[in-house]
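These values consider heavy atoms only, across backbone and side chains, with no hydrogens, waters or symmetry-generated copies.
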Amino acid sequence: MTDPARKATRLLPARVDFDGHRPVSVDFDDVYYDADGPAEVERVFVAPARIPERSKETDILTVGELGFGTGLNFIVTASKIRSRLHYISFERHPLAQADVARALTPWKAAYEFGSTLIDAYPPPVPGWHRRIFDAGRVRLSVFFGDVAEGMADLVRQQQRGVDAWFLDGFAPRKNPEMWEGALFRAMAGLSATAASVTTFSAAGQVRRNLAAAGFETRRVDQRPHKRHTTVATFTGAGRSFTSPPQVTVLGAGLAGAATARALAERGIRAIVHDRVGIAAGASSIPAAVLHPRLSPHASAESRLRAHAYLFAANRCRHWLGTGASGALQRPRAGTDVERLRGIADAVPDEVAALVDAARASELAGIELPTPALFYPGALTVDGAALTADLATHADIELTTYANADGPVVRATGNAIDGFEWLEVTGLAGQMDRFPCPGPPRLPLVGDSTIVPARESVWAGATYEYRPWNPERATAANSQRFEDVLRQTPGRALERFRGVRAVTSDHLPVVGCAASDWFNLGHGSHGTSTAILGAEIIASIIDGEVGPVTSELLALLRPSRFKERQERRPNPFLATRGG
């Protein structure tokens with residue numbers, strides 16, 4: 001019997017065989033593309049849609065695709081674009097990364113996005129996955145799951161019109177769900193003026209469904225490769241969207257810098273205001289670990305944490321201040337191993353895998369007495385360096401005064417003057433660096449965090465509901481060091497103190513309430529959720545579908561606190577003297 005949590009948080013990859021270079025679907029008994037791969041993509045999809053020519057006439061071209069497959073259409077299209085590209089695709093049966101790598105290997109040298117797509121390819125976790133390439137010029141949004149579900153969510157979120165559609169599902173007679181009239185009607189509702197449709201199929205039912213949805217179709221002679229393919233043009237009144245030229249971001253911590261960067265990469269100028277400077281608060285933490293906080297239960301919150309981690313780890317791994325370290329989560333007690341096993345069963349191994357004590361000790365380079373959960377994609381983060389790198393862009397201006405020209409995004413941590421209905425408060429914490437010859441090879445997380453440094457480790461972190469004396473915090477971190485590493489630490493070499501912004505439900509505040517935008521309240525999860533929050537806000541401001549589903553966006557909405565306060569008081573008012 002399938003574990004419900006496993007079923008809800010992962011997908012089984014497509015079953016693929018190879019006929020020479022051609023990948024073949026076992027389940028649909030059909031090829032993903034012909035032997036000449038990229039040439040077929042150009043003659044069937046790119047050339048009839050005039051993709052290169054149209055990209056010269058716009059700042060951004062939006063392409064929607066049904067059937068992501070190996071990603072070959074994406075890498076060929078991205079190589080032809082002369083503007084920014086947002087490529088939106090759907091795949092019910094994602095390939096395993098190894099199969100994508102094998103399929104794209106013959107074309108990697110000729111197409112610059114081949115290797116980067118293989119490296120960034122998402123694990124088979126249901127929902128949206130956002131990947132960003134070429135300094136933000138190319139964005140990929142791929143939905144893993146049922147295409148009807150994904151299209152419905154695109155309808156809910158996308159405001160900017162889709163300029164070109166690629167229909168690349170398996171043949172209609174083998175995969176009829178991909179060719180239903182309802183999908184064509186959804187495409188019409190999402191299309192920009194004169195949006196194009198190109199597809200390998202010339203089946204009469206496909207052309208009739210397109211015509212019924214408002215597309216004018218014609219056949220394209222493809223001999224000697226095949227007789228015909230289809231191209232269509234949307235004849236209805238299409239969607240249009242104009243982004244603001246400038247956005248003001250209040251706060252130059254990690255959330256503010258990430259928000260500014262996500263906007264700037266879209267060509268939207270970001271004016272960042274902070275009276276103190278970049279990463280002056282908790283964002284300057286010298287040794288954080290970007291890893292997921294998962295649950296074995298199939299909850300929306302756990303799915304949000306997984307998607308935040310997957311996006312942020314990929315987004316940040318090439319920035320200054322980050323290191324691809326991996327991390328081990330130790331059980332809190334002997335019985336906690338079963339909880340970690342449940343988490344590992346609920347997600348693909350690329351996200352988290354339970355390893356026995358011997359393997360955990362091998363990975364850590366020190367003896368660990370219990371199994372542990374291994375996060376292979378986890379990063380070690382120097383908060384100050386990462387924040388400064390994110391804030392370095394030609395379209396980001398740092399100021400010490402407020403300039404509220406255009407939308408305003410508040411990334412101000414627990415400084416919420418005027419917005420006391422937000423259930424956000426400050427919670428102090430401390431890490432200490434202790435001498436440690438032969439430190440672990442990778443971070444250890446769980447009840448305690450141990451982050452290796454040169455001949456030392458950072459240990460922590462305290463959660464101080466009332467601020468402690470720093471010496472008390474150092475004593476607590478000294479005990480953490482001893483509990484994990486089973487040795488007595490020497491005198492602390494240095495300490496870091498900061499104030500986290502935490503919410504009453506331990507979820508961040510991301511989104512818009514009335515005319516105010518928020519990206520704050522990230523607590524100890526900021527290295528992942530602040531990065532995701534930045535992409536959410538920039539996406540909405542730019543008229544694009546967000547990097548997560550509408551269900552997960554709803555968890556973060558600022559208005560949730562006002563809704564709860566209709567039933568009970570704000571629990572943080574007393575701590576603010578309210």
Have [X] and [Y] got a donor and an acceptor in their side chains that come within less than 3.5 Å?
X      : Y      : result
Ser302 : Arg293 : no
Thr503 : Asp505 : yes
Asn519 : Thr259 : yes

Q) Going through the checks in order, is the salt bridge (Lys or Arg N to Asp or Glu O under 4.0 Å) test met by Arg359 and Asp356? A) CA-CA 5 Å; Arg359 177 59 176 155; Asp356 62 22; over 6 Å; no
Atom pair [atom1]/[atom2] of [X] and [Y] - distance to nearest 0.5 Å:
X      : Y      : atom1 : atom2 : value
Ser524 : His506 : OG    : NE2   : 9.5 Å
Arg315 : Leu390 : CZ    : CG    : 7.0 Å
Arg84  : Leu61  : CZ    : CG    : 11.0 Å
Tyr309 : Thr527 : OH    : OG1   : 10.5 Å
Arg339 : Ser295 : CZ    : OG    : 7.5 Å
Leu552 : Arg305 : CG    : CZ    : 11.5 Å

Looking at every heavy atom in both [X] and [Y], which two are closest together, and how far apart are they?
X      : Y      : answer
Glu397 : Arg269 : OE1-NH2, 3.3 Å
Pro296 : Ala346 : O-CB, 4.4 Å
Ile450 : Ala459 : CD1-CB, 3.7 Å
Phe241 : Ile540 : CZ-O, 4.3 Å
Pro440 : Val457 : CD-CG1, 3.8 Å
Glu91  : Gly69  : OE1-N, 2.7 Å

Heavy-atom distance under 4.5 Å between the side chains of [X] and [Y], does that happen here?
X      : Y      : result
Arg330 : Val484 : yes
Val41  : Val46  : yes
Gln329 : Phe374 : no
Arg410 : Val249 : no
Leu556 : Ile536 : yes
Cys316 : Leu379 : yes
Val16  : Ser25  : no
Trp128 : Val548 : no

Are the side chain of [X] and the backbone of [Y] linked by a donor-acceptor contact shorter than 3.5 Å?
X      : Y      : result
Thr58  : Arg54  : no
Thr387 : Gly383 : yes
Ser283 : Leu254 : yes
His307 : Pro126 : yes
Arg261 : Asp389 : yes
Thr529 : His525 : yes
Arg441 : Glu362 : yes
Ser284 : Ala384 : no
Asp274 : Gly251 : no

**Asked** Do Phe74 and Phe166 have ring centroids that are under 6.0 Å from one another?
**Response**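 No.
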Practice item. Go through the steps for Ser550 and Asp153 under the test side-chain hydrogen bond (donor to acceptor under 3.5 Å, both in side chains), then give the verdict. Key: CA-CA 7 Å; Ser550 301; Asp153 199 63; 2.6 Å; yes
**OP:** Give the C-alpha distance, both sets of side-chain angles, the deciding distance and a yes or no for side chain to side chain contact (heavy atoms under 4.5 Å, CB included) between Leu304 and Glu301.
**Re:** CA-CA 5 Å; Leu304 174 66; Glu301 290 87 348; 5.6 Å; no
_Walk me through whether Ile541 and Val247 qualify under side chain to side chain contact (heavy atoms under 4.5 Å, CB included)._
CA-CA 9 Å; Ile541 288 176; Val247 172; 4.3 Å; yes
_My understanding is that only one of Arg139, His86, Arg160 makes a side-chain hydrogen bond (donor to acceptor under 3.5 Å, both in side chains) with Asp542; could you say which?_
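So the option named by the test is Arg160.
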Q | The single option from Gln158, His129, Arg130 passing side-chain hydrogen bond (donor to acceptor under 3.5 Å, both in side chains) against Ser141 | A |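 It is Arg130; the other options fail the test.
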Please determine which of Leu444, Val381, Val289 meets the side-chain contact (heavy atoms from CB on, under 4.5 Å) test together with Val451.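 So, applying the side-chain contact (heavy atoms from CB on, under 4.5 Å) to Val451 and each of Leu444, Val381, Val289, only Val289 qualifies.
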### Sole residue of Leu320, Thr322, Ile285 in side-chain contact (heavy atoms from CB on, under 4.5 Å) with Leu386
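One option only clears the test, and that one is Thr322.
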How far apart are the C-alpha atoms of Ile343 and Leu373, what are their side-chain angles, what is the distance that settles it, and do they pass the side chain to side chain contact (heavy atoms under 4.5 Å, CB included) test? CA-CA 8 Å; Ile343 293 172; Leu373 200 59; 3.7 Å; yes
For Glu265 and Arg137, run salt bridge (Lys or Arg N to Asp or Glu O under 4.0 Å): C-alpha distance rounded to whole Å, both residues' side-chain angles, the deciding distance at 0.1 Å, then the answer. CA-CA 7 Å; Glu265 288 181 345; Arg137 187 180 67 86; over 6 Å; no
Point to revise | From CA spacing to verdict: side-chain hydrogen bond (donor to acceptor under 3.5 Å, both in side chains), Arg266, Ser539 | key: CA-CA 9 Å; Arg266 289 170 163 83; Ser539 297; 3.1 Å; yes
If you count the non-hydrogen atoms of other residues, nucleotides and ligands that lie under 6.0 Å from NE2 in His393, is the total more than 12?
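Atom NE2 in His393 is crowded, with more than 12 foreign heavy atoms closer than 6.0 Å.
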Within 45° cone and under 6.0 Å: Arg500 NZ/CZ vs Tyr463 ring: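 Here Arg500 passes the 6.0 Å and 45° test against Tyr463.
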- Item | Pi-cation contact, Tyr32 with Arg22 (under 6.0 Å, within 45°) |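 Judged by the rule, Arg22 and Tyr32 form no cation-pi pair.
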Let me check something: any side-chain donor-acceptor pairs from residues 111-125 under 3.5 Å, sequence neighbours excluded? List them with distances.
{"unit_1": "Thr116", "atom_1": "OG1", "unit_2": "Phe113", "atom_2": "O", "d": "3.1"}
{"unit_1": "Tyr121", "atom_1": "OH", "unit_2": "Leu95", "atom_2": "N", "d": "3.2"}
{"unit_1": "Tyr121", "atom_1": "OH", "unit_2": "Leu95", "atom_2": "O", "d": "2.9"}

Show your reasoning for whether side chain to side chain contact (heavy atoms under 4.5 Å, CB included) applies to Glu65 and Trp165.
CA-CA 6 Å; Glu65 176 188 52; Trp165 293 96; over 6 Å; no
